[in-house]
Amino acid sequence: MVFLRAKVLVIGDCCVGKSAICQVLSSDGGSYPKNYSSTIMTELLIKQIQLTDTDDTVELFLHDNSGKAIHFENCRETWLNADMIVLVYDVSNKDSFGHIKFWYEKAKESFLYDKEIIGCVIGNKSDLNSIVSQANAKQLAESIQMKAFECSAKDNNNILDPFKYLASEYVRKYNNNIQKVQDIIN
């Protein structure tokens, strides 16, 4: 059993529901923002994910980033030393899906260097008519070695699954690193 902490960047275009996802997740579904308020710079929320199959816990420090270009340069500093990335798009907005690779590349050049990228692509607003197919989302996610998910922050539907996936991947990476050190010692 381990207890780990991880810095998670939540990024994507403005109005895709990044803040809603983070707020619903961190409140265990108890808080959905009824009024839209644009994130300025970065907001921090915290959520512990307990993995039932291993008894491991990962405390996620969710850095909910503004999707506005005007704040981008100021947010880049908060991206340093991140452990994971969540790329969010709106399933009813094809442009936001088209910008996922842009956000991935920006994150990659800003903080990831040669680190293994642990992350996922989340299509939010699954309660609306989807313009982006799940097959296209899966194909895009796989092209950047990530996994695709769909959720609805409004309906609190499938919010936890992507973050459980991230937590289990983070524990896997931790265990692999421990094994590498033990192999060197032995």
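It should be emphasised that the depicted structure is a prediction, and the values quoted were computed from it without experimental measurement. Just so it is clear, the values below take in all heavy atoms, side chains as well, and ignore hydrogens, waters and symmetry mates.
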*asked:* For N175 and Q179, which I'm curious about, is there any donor-acceptor pair between the side chains at under 3.5 Å?
replied: no
*Sequence-distant partners of E169, salt bridge (charged side-chain N to carboxylate O under 4.0 Å, His left out), two or more places apart*: R172
*Applying ring pair (Phe, Tyr, Trp, His ring centres under 6.0 Å), which residue pairs with at least one partner in residues 131-150 are found, sequence neighbours left out?*
F149-Y165
_Residue Q139 excluded, over 12 heavy atoms near CD under 6.0 Å_ = no
*For Q182, check side chain to side chain donor-acceptor pair (under 3.5 Å) against everything at least two apart and list the hits.*
none
*Shortest non-hydrogen contact from A137 toward A148*: O-CB, 3.7 Å
*What pair of heavy atoms forms the shortest contact from V58 to Y170, and how long is it?*
CG1-CD2, 4.0 Å
*asked:* Suppose we screen for salt bridge (charged side-chain N to carboxylate O under 4.0 Å, His left out). Which residues come up paired with K47, at least two apart in sequence or across chains?
replied: D28
*Who pairs with D161 by side chain to side chain donor-acceptor pair (under 3.5 Å), at least two apart in sequence or on another chain?*
none
_Rounded distance (nearest 0.5 Å) linking atom CG of D13 with atom CD1 of I100_ = 7.5 Å
*Who pairs with D90 by side-chain contact (heavy atoms from CB on, under 4.5 Å), at least two apart in sequence or on another chain?*
V16, S92, N93, S96, K125
*Heavy atoms only: give me the nearest N158-E150 pair and the separation to one decimal.*
ND2-O, 2.5 Å
*List in chain and number order the residues that pass side-chain contact (heavy atoms from CB on, under 4.5 Å) with D53, two or more places apart in sequence or in another chain; answer none if no residue qualifies.*
L51
*Okay, side chain of N124, backbone of A153: is any donor-acceptor separation there less than 3.5 Å?*
yes
*Among all residues two or more places apart in sequence or in another chain, which pass the side chain to side chain donor-acceptor pair (under 3.5 Å) test with N136?*
S133
*Contacts of R5 that satisfy salt bridge (charged side-chain N to carboxylate O under 4.0 Å, His left out) - sequence neighbours left out*: E59
_Going by the rule salt bridge (charged side-chain N to carboxylate O under 4.0 Å, His left out), which residues pair with D56 if we only count those two or more places apart in sequence or in a different chain?_
none
*For F163, enumerate each residue passing the ring pair (Phe, Tyr, Trp, His ring centres under 6.0 Å) test, keeping only those at least two apart in sequence or located in another chain.*
none
*Apply side chain to side chain donor-acceptor pair (under 3.5 Å) to S152 and list each qualifying residue two or more places apart in sequence or on a separate chain.*
D127
_Side-chain heavy atoms of K147 within contact of V121, under 4.5 Å_ = no
